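Before any comments, here is the structure.
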Amino acid sequence: MADSSVRPGLEGVLAAETRLSAIDGEAGELVIAGFPLAEFATHARFEETLFALFEDRLPTADELEAFSAELRANRTLATGTRTVVERAAEDGQSAMDALRMGIASATLARDGDEDLTDDARLAVAQVPSIVATYWRVREGQPVLEPRRELSHAGNYLYMLTGEEPSDEAVRGLETYLNTVVDHGLNASTFTARAIVSTESDVVSAVTGAVGALKGPLHGGAPGPVLDLLEETAGADDTETHLREKLEAGERLMGFGHRVYRVRDPRAAVLSSAAERFYRDGDEETAFFESARETEAAALAALEEHRPDLELSTNVEFYTAVLLHGVGIPRDLFSATFAVSRVGGWCAHCLEQREENRLIRPRSRYVGERDRSWTPLEER
Ligand code: COA
């Protein structure tokens, strides 16, 4: 007999098998495409990460070059997409809304028929160009064409700022992109899989996934983390300030996680990457030092406030520190998450279609069954 219990939020439901990422929340471990996160995130070019997710192995040098060339060839936005994104920026829409509108029109740049693999490359290549175009217009700056000699991450930074990025900034951004590219069957990834399971196309799936990612329960706390860091930088006594916030019932942004009961492994990777970035470059080391102090003070305040819970630093904390350092504006934090996660969405679309089964859960009806019809004029 079919199971008639309802699992709100589908919590605990296994809805797919995947070889893309594995999360162990108790042990604080994350594996991406078979590789433990720490080593992989620091060494892989983002193009290698994408290849590994799409093809389930690392590329040879020739394969990497061919794959990167395909991405480069797909970076330029179609005129229609550019118009939509420019309009969204002029109209004061958020970056995520502009991205949703822009990516929905990405098939305008499609060169040929609908094809899962080609569309995956197209979607991955278009997202950074859309976000950068949006930002340049919002800032009243001329929109820049992509530069073919730059890497995926390097070109994104260039299209945002108009300056050739430093190696440290590219490396820092790549570590971030590698770290958040996939994370199990989260809401946006599930959305993407549900859409392609109907045999719809990858661009539709990515558009739906952007919509899911936009929600505050999914897409991002790193903006508020930056607010917290700015607040604590101005406070005389950080720990007292944080304690007062907790006593007032506020949550400390960048701490706690639904799945990880120990330190989020992504936080550890991003913390080391941020340390390397601020140490190697001549960026604001004072900002980094102050973030470290805030983290220590927050952990002490949380431990004192809720000794019954294990509240550790989550991925958003060092995301804010690192992205701020490499020059990503606060308003683009969620959209930059999408620059990475679009790789995971597309890999899941390809995986879903390898052995497709339409995703079609059921609902339990709890409404009435014998209402009698009242004509409109009598209501
Ligand atoms: N600051 C203060 N208290 C926190 C906290 C934080 N960052 N995170 C959790 N708590 C407390 C809650 O107040 C709650 O207390 P209660 O039991 O008295 O109601 C308890 O811990 C459990 O919270 P709950 O929201 O049920 O736990 P969760 O595991 O579902 O929460 C988060 C996960 C991420 C929603 C939560 O930790 C949070 O709000 N963190 C801050 C926002 C953030 O950093 N989000 C980014 C997530 S990647």
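When a residue number appears, it is its place in the shown sequence, counting from 1. Order of appearance sets the numbers: ligands from 1, and atoms from 1 within every ligand. Note that the structure is a prediction, hence the values are computed from the model and not measured.
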Taking only non-hydrogen atoms of Gly254 and a 4.0 Å limit, the atoms of ligand 1 in range are 43 (C), 44 (O)
Checking Leu358 now: which residues fulfil side chain to side chain contact (heavy atoms under 4.5 Å, CB included) with it, not counting sequence neighbours? Ser197, Thr198, Arg360
Should Leu185 and Ile195 be regarded as members of a common hydrophobic cluster, given that ILVMFWY residues are connected when their side-chain heavy atoms come within less than 4.5 Å of each other, either directly or indirectly? no
Numbered atoms of ligand 1 (with element) below 4.0 Å of Leu246, judged on heavy atoms: 2 (C)
Could you tell me which residues satisfy ring pair (Phe, Tyr, Trp, His ring centres under 6.0 Å) with His257, sequence neighbours excluded, listed by chain and number? Tyr260
Which atoms of ligand 1 have any heavy atom of Leu302 under 4.0 Å away? 1 (N), 2 (C)
Should Leu252 be counted as touching ligand 1, given the test is an N or O pair under 3.5 Å? yes
Looking at Glu316, which atoms of ligand 1 are within less than 4.0 Å of one of its heavy atoms? 46 (C), 48 (S)
One residue to check: Val225. Relative to ligand 1, which of side chain, backbone, both or neither has a non-hydrogen atom less than 4.0 Å away? neither
Under 3.5 Å, is there a donor-acceptor pair linking the side chains of Ser94 and Asp97? yes
Per-atom contacts of ligand 1 with Arg306, taking only distances under 4.0 Å to non-hydrogen atoms: 15 (O), 16 (P), 17 (O), 18 (O)
Relative to the heavy atoms of Leu309, which atoms of ligand 1 are at a distance of less than 4.0 Å? 11 (C), 20 (C), 21 (O)
Where does Asp264 meet ligand 1, judged by heavy-atom distances below 4.0 Å: at the side chain, the backbone, both, or neither? neither
Sub-3.5 Å N/O-N/O distance, Glu250 and ligand 1: no
Does a donor on one side chain and an acceptor on the other come within less than 3.5 Å for Thr238 and Thr294? no
May I ask you to check whether Asn186 and Ser188 show a side-chain donor-acceptor distance below 3.5 Å? yes
Tell me, please, whether Trp135 has Arg330 positioned over its six-membered ring: NZ or CZ under 6.0 Å from the ring centre and within 45 degrees of its axis? no
